Amino acid sequence: MSFYFFKQRPKSAPELVISIRDSLLALDTKTVVEVKALEKALEEVEKNFVAMRQLLSGDGEAEPNADNVSQFTVEVCKEDVIGLFVHKLPILGWETRKDLVHCWSILLKQMVGSTYCCVDYIENHLELLDFLVVCYDNKEIALNCGSMLRECIKFPTLTKYILDSTSSELFFKYVELPNFDVASDAFVTFKDLLTKHETAVSEFLTAHYEEFFELYEKLLTSPNYVTRRQSLKLLSEFLLESPNSHIMKRYIVEVRYLKVMMTLLKDSSKNIKISAFHIFKVFVANPNKPREIVIILAKNHERLLELLHSLSVGKGTDDEQFEEEKELVIKEIERISRLPTVAG
């Protein structure tokens, strides 16, 4: 006799949301002091998350039902389940967190009518973003939180909040954490923060120029090779972008940052030298160099010319352009060194 007849019908979208909410809230009850009770509660959450994943992305045989997905999205916001997803993340099991990250990506992209419901929810509960950032301190869930944060950073309003909040300063610490995987993931998130939305980044750098670049200088001078290389490459990406041209003009008249680039030109790594050159050349090519910059270039011209002559990208498509740029920089430094006004 077949038992198919007795198979439980799948929960509707609203029913599943209530079930997920209740199972997550059950992790808070006093009974979970008992290990077995906690295990049972976590099993219920895991089962519900599997059902959520199937509803949102299909079961491998059938595509997800668009109406169910929309209804589910509305309900997770209405029942405050989005907030529970974030706050309960540290207590969830490995597979359950994996399912959550997958579903989070789908939910944030869902438009109901003309709005992104879940993004609107987060905009009204911005502490969730702070919580996700701070989770980089917990290596068990750091990579999950990183994935969820990067989904949030795809939206300019959420990016703007993270940049403007005190949480953004934590990335300067996280990118140098001793755990390589966590530090690398934090750097990917940091890079997204500084490159995904040009207007938000430009406004942020304008408002927080001094504090930001003071912290960034520590990354560029870090004893960690990976940190130096990644942060230098990232600096080129967001500093040399046209919306940040006013930031670049401010940066290239500062003696302290010229000295950082000159130090990096002496780095033992060829990759770092090449990356440093691409920023150093802007200091040199600036037609409005302050006197202090001119004096430093003149005073150090012999060593700089020696470093530049020995610098080469090797064979490749970029070699010709690099050599042309290098030659122009060399000529400008030679010209500066002959100026009578730089003495005294």
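Heavy-atom basis, side chains included; hydrogens, waters and symmetry copies ignored. If you're wondering where the values come from, they're calculated on a predicted model, not measured in any experiment.
A salt bridge between Lys218 and Glu176 is absent, with no side-chain N of the basic residue lying under 4.0 Å from a carboxylate O of the acidic one. Salt-bridge annotation for Glu306 and Arg303: present, with a side-chain N of the basic residue lying under 4.0 Å from a carboxylate O of the acidic one. Of the charged side-chain nitrogens involved, none lies within less than 4.0 Å of a carboxylate oxygen, so that Lys139 and Asp185 do not count as a salt-bridged pair. Taking the charged nitrogens against the carboxylate oxygens, Lys273 and Asp267 have no contact shorter than 4.0 Å, which rules out a salt bridge. Checked for salt-bridge contact, Lys173 and Asp137 meet the test: a charged N lies under 4.0 Å from a carboxylate O. Salt-bridge formation is not detected for the pair Glu334/Lys331: no Lys NZ or Arg NE/NH1/NH2 atom is positioned less than 4.0 Å from an Asp or Glu carboxylate oxygen. The residues Glu332 and Lys289 are annotated as salt-bridged, a charged nitrogen and a carboxylate oxygen being separated by less than 4.0 angstrom. Checked for salt-bridge contact, Glu254 and Lys259 miss the test: no charged N lies under 4.0 Å from a carboxylate O. A salt bridge is defined here as a Lys NZ or Arg NE, NH1 or NH2 lying under 4.0 Å from an Asp or Glu carboxylate O, and Lys233 with Glu237 meets this definition.
The closest donor-acceptor contact from the side chain of Lys11 to the backbone of Ile18 lies at 3.5 Å or more, if one exists at all. Between the His102 side chain and the Asp99 main chain, no donor and acceptor come within less than 3.5 Å of each other. Formation of a donor-acceptor pair under 3.5 Å by the Tyr116 side chain with backbone atoms of Tyr121 is not found in this model. At least one donor-acceptor pair under 3.5 Å links the side chain of Glu15 to the backbone N or O of Ser12. A donor-acceptor distance shorter than 3.5 angstrom exists from the side chain of Ser310 to the backbone of Leu307, with no hydrogens or angles considered. Looking at Ser168, its side chain never comes within 3.5 Å of a backbone N or O of Asp164 through a donor-acceptor pair. With hydrogens and angles ignored, the 3.5 Å screen pairs no side-chain donor or acceptor of Arg228 with any backbone N or O of Thr221. Judged purely by atom type and a 3.5 angstrom limit, Lys281 has no side-chain atom pairing as donor or acceptor with the backbone of Lys326. Under a 3.5 Å cut-off, the side chain of Ser23 and the backbone N or O of Ile20 do form a donor-acceptor pair. Side-chain N or O atoms of Asn48 include one that pairs as donor or acceptor with a backbone N or O of Ser19 at under 3.5 Å.
If you chain together ILVMFWY residues whose side-chain heavy atoms come under 4.5 Å of each other, Val112 ends up grouped with Val74.
Counting non-hydrogen atoms of other residues, nucleotides and ligands closer than 6.0 Å to CD of Glu127 gives a total above 12. Counting non-hydrogen atoms of neighbouring residues, nucleotides and ligands closer than 6.0 angstrom, the CD atom of Glu211 exceeds 12 such neighbours. In the displayed structure, Lys154 atom NZ is contacted under 6.0 Å by more than 12 heavy atoms of other residues, nucleotides or ligands.
Between Phe213 and Tyr209, the ring-plane angle classifies as tilted under the 30° and 60° cut-offs. Ring-plane geometry between Phe172 and Tyr216 is classed as perpendicular, the angle between the planes exceeding 60 degrees on a 0 to 90 degree scale with a lower cut at 30.
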When you look at Thr189 and Tyr136, which way does the side chain to side chain donor-acceptor pair (under 3.5 Å) test go after all the steps?
CA-CA 11 Å; Thr189 306; Tyr136 267 118; 2.7 Å; yes
Run Phe212 and His208 through ring-ring contact (aromatic ring centres under 6.0 Å, His included) and show every step you take.
CA-CA 6 Å; Phe212 177 83; His208 304 279; 9.2 Å; no
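Residues Ser202 and His246 form a side-chain contact, since some pair of their non-hydrogen atoms from C-beta on lies under 4.5 Å apart. Side-chain atoms of Ser165 and Leu129, non-hydrogen and from C-beta on, never get closer than 4.5 Å to each other.
A donor atom on one side chain and an acceptor atom on the other are found under 3.5 Å apart for Lys109 and Ser105. Between Glu325 and Gln321, the side chains place a donor N or O and an acceptor N or O closer than 3.5 Å (distance only, hydrogens not considered). Checking Thr166 against Glu169 by side-chain atom types alone, no donor-acceptor pair falls below 3.5 Å.
Phe277 pairs by the ring pair (Phe, Tyr, Trp, His ring centres under 6.0 Å) definition with Phe322, not counting sequence neighbours.
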